[in-house]
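I have placed the structure first, in the form of C-alpha cells, so that the comments after it can refer back to it.
In this chain, residues are counted from 1 in sequence order. As the structure is a prediction and not an experimental result, all values here were calculated from the model. Each ligand, and each atom within it, is numbered from 1 in the order the structure gives. Values reported hereafter were calculated over all heavy atoms of this structure, with side chains retained and with hydrogens, waters and symmetry mates removed.
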Amino acid sequence: MNNILLLGANGQLGRSFLEHDALSTLGNVVAASRDGARFDGAPAEVADLSSPATLPALLDKVRPGIIINAAAYTAVDRAEQEEPLATTVNGEAVDVIARWAATNHALVVHYSTDYVFDGNAIAPYAVDAPTAPLGAYGRSKLAGERALRASGANHLLLRTAWVYAPHGHNFLRTMLRLGAERDELRVVADQQGAPTSTDLIVQATCAALAAWQHAGITQRAAMQGTHHLVASGHTSWHGFAGAIFDKAQARGLIPHAPKVLPIATADYPTPAKRPAWSVLDNQGFQQRFDYALADWQKGLDHVLDTLAKQAR
Ligand code: NDP
C-alpha cells in the first residue's frame, strides 16, 4: 500500500483526517507534526515547515506516494508582522515538498485559501479568476500555489474558506464560548463566504483521492490542478453566528441564544484586511469528482451534533 504523508497532523484539518477512517482505506497514513507529537499523545514524524531544508530527509525516509499538506502558517493578523516566516512556511516549504514530489512521482494534495482574492467580486470566484491578495497571509499562500504549479508535480490544489471543526481555533468555537458568556454579540455582516467544515474537506478530498487512484493517465491529467473545495451556498459571519446559536440552542449546547447585532467590517478593525466576498465557485470540483458538496448548513448540523454527543 502507498504511504500517505500527512503534514500538519494537529491542525483543524489534520486532526480531522486522522479522526476519520476514510484516509486509511487509501494508504498507510504517516502523520507528521511540527514537534513530533500528535494531538492524542501518539508519536508522529517531525516536519517543521519553517525549516524547508529539513523536509527532503523526511520525504526520503517515508517515500510517500501521496503527500497531504494540511500544515500552514494560518495566523492571518500576525502574518502582517511576520510575513517572512509566513512565506517560508506557506511558500518555500511547499516549493521544496512539490519539487521532491515531482522528482519522485508523488501526488501533492495542498490547501489554499479565499484570501488569494481581493474580495471585490459579486459572483462566486472561478478557479482561474485573477488573484490579488489583500494581505501577507494571502500573499504567502499565493506563493505556495505558484510554487506547486511550477514544480511539475501532480497535484490537487484545493482552495477552501471559512474552515471550522469541533476542535481547534475557529469561529464556531469562539461563538459558542462567547455566546455562553454574553447576552448580546456584535458580528460582521458585510463579508460573505461559505462556512466549510473539516469533515466536508476530509470526505471530499478522500473521494478525489479514490478517483485519482482509479484513474488512468489521461483522466489524471484532467483531474489535477486547482479546485474550489467549499460548502455550497453562502452567508455572512453574522448569518453564520445566528445559525450557530439557533442550532446550538436546539441541541441544548447553550441555555439561550444571545442577540446577534450586525456590524460593518469598518466597526471591527483588524491588522489584516479581509475580503468582503469570499464565495468560491465549487461546481468544477463537484463535476470533476462526481461528488456533491452540501450546503454549509448541513455541515454545521453535523458538527453541532458531534459536539452535542461529546457533551452528553
Ligand atoms: P490550523 O491553523 O488549524 O492548523 C495549521 C497546522 O499547521 C497546525 O497544526 C500547525 O501546527 C501547523 N503548522 C504551523 N506552522 C508550522 C510549521 N512551521 N511546521 C509544521 N507545521 C506547522 O489550520 P487549518 O487546519 O484551519 O488549515 C488547513 C489548511 O486550510 C491550511 O492550508 C490553511 O491555509 C487553509 N485554509 C484555512 C482556512 C481557515 O479558515 N482556517 C480558510 C482557508 C484556507 P501546531 O499545531 O504545532 O501549531
Side-chain angles (χ1 to χ4, degrees), residues 5-19 31-40 44-55 58 67-79 82 84-94 96-97 108-117 119 125 133 135-145 148 156-174 191 193-202 204-205 226-231 237 240 272 274-275 278-280 282 296 299 303:
L5 178 62
L6 175 67
L7 301 169
N10 297 335
Q12 293 195 81
L13 182 56
R15 176 170 168 173
S16 291
F17 267 115
L18 291 175
E19 286 181 342
S33 68
R34 195 194 327 228
D35 60 1
R38 267 173 53 155
F39 61 91
D40 55 5
E45 296 290 341
V46 175
D48 183 352
L49 275 64
S50 67
S51 301
T54 62
L55 299 173
L58 172 67
I67 302 161
I68 300 181
N69 183 22
Y73 181 109
T74 55
V76 172
D77 288 317
R78 198 155 24 112
E82 291 187 342
L85 175 58
T87 306
T88 301
V89 174
N90 294 343
E92 288 162 36
V94 178
V96 169
I97 292 162
V108 181
V109 180
H110 178 69
Y111 297 91
S112 191
T113 169
D114 51 312
Y115 280 48
V116 297
F117 297 117
Y125 279 105
Y137 167 72
R139 283 193 292 275
S140 71
K141 293 295 289 184
L142 185 57
E145 290 194 358
L148 180 51
L156 299 176
L157 201 174
L158 306 174
R159 288 196 191 117
T160 189
W162 291 30
V163 176
Y164 66 99
H167 50 259
H169 299 290
N170 59 62
F171 181 83
L172 169 117
R173 295 201 352 131
T174 303
Q191 293 172 24
T196 300
S197 73
T198 52
D199 197 57
L200 180 85
I201 301 175
V202 166
T205 300
T226 307
H227 302 275
H228 287 168
L229 175 37
V230 284
W237 292 114
F240 187 27
R274 268 89 175 144
S278 278
V279 185
L280 308 181
N282 63 12
W296 65 269
V303 169

Test salt bridge (Lys or Arg N to Asp or Glu O under 4.0 Å) on R15 and E19; report intermediate values, then the result.
CA-CA 6 Å; R15 176 170 168 173; E19 286 181 342; 2.9 Å; yes
Taking distance alone, with no angle check, do [X] and ligand 1 share an N/O pair under 3.5 Å?
| X | value |
| --- | --- |
| T113 | no |
| G14 | no |
| T160 | no |

To which protein heavy atom is [atom] closest, and what is the distance rounded to 0.1 Å?
| atom | answer |
| --- | --- |
| atom 30 (O) of ligand 1 | Y111 CB, 3.9 Å |
| atom 19 (N) of ligand 1 | L49 N, 2.8 Å |
| atom 20 (C) of ligand 1 | A47 O, 3.1 Å |
| atom 18 (N) of ligand 1 | D48 OD1, 3.0 Å |

Relative to each other, are the rings of W296 and F240 parallel, tilted or perpendicular (30° and 60° limits)?
perpendicular
Here's a test for you: under side-chain hydrogen bond (donor to acceptor under 3.5 Å, both in side chains), which of R159, H228, E145 qualifies with S112?
E145
Nearest candidate to [atom], where distance is taken over non-hydrogen atoms, out of [options]:
| atom | options | answer |
| --- | --- | --- |
| atom 25 (O) of ligand 1 | L13, V89, T54, T74 | L13 |
| atom 15 (N) of ligand 1 | R34, Q12, H110, R38 | R34 |
| atom 44 (C) of ligand 1 | P195, A161, S112 | S112 |
| atom 37 (C) of ligand 1 | V163, N69, N10, N90 | V163 |
| atom 7 (O) of ligand 1 | A72, G11, S140 | A72 |
| atom 28 (C) of ligand 1 | A70, A86, S278 | A70 |

Tell me, please: is Y137 in heavy-atom contact with ligand 1, that is, under 4.0 Å?
yes
Tell me whether ligand 1 is touched by G168 - counting only heavy atoms on the residue side and a distance under 4.0 Å.
no
Numbering the atoms of ligand 1 from 1, which are under 4.0 Å from a heavy atom of K141?
31 (C), 32 (O), 33 (C), 34 (O)
Numbering as shown, the atoms of ligand 1 that approach A71 to under 4.0 Å (heavy-atom distance)
7 (O), 21 (N)
Would you check, one step at a time, whether the test ring-ring contact (aromatic ring centres under 6.0 Å, His included) holds for F171 with W237?
CA-CA 9 Å; F171 181 83; W237 292 114; 4.7 Å; yes
Short version for A93: what comes under 4.0 Å of ligand 1, heavy atoms counted, is neither
Give the intermediate values and the outcome of salt bridge (Lys or Arg N to Asp or Glu O under 4.0 Å) for residues K141 and D114.
CA-CA 10 Å; K141 293 295 289 184; D114 51 312; over 6 Å; no
With ring-ring contact (aromatic ring centres under 6.0 Å, His included) as the criterion, how do Y137 and Y115 come out once you've worked through the C-alpha distance, each side chain's angles and the decisive distance to 0.1 Å?
CA-CA 8 Å; Y137 167 72; Y115 280 48; 5.7 Å; yes
Minimal non-hydrogen separation, A165 against L172, with atom names:
O-CD2, 4.1 Å
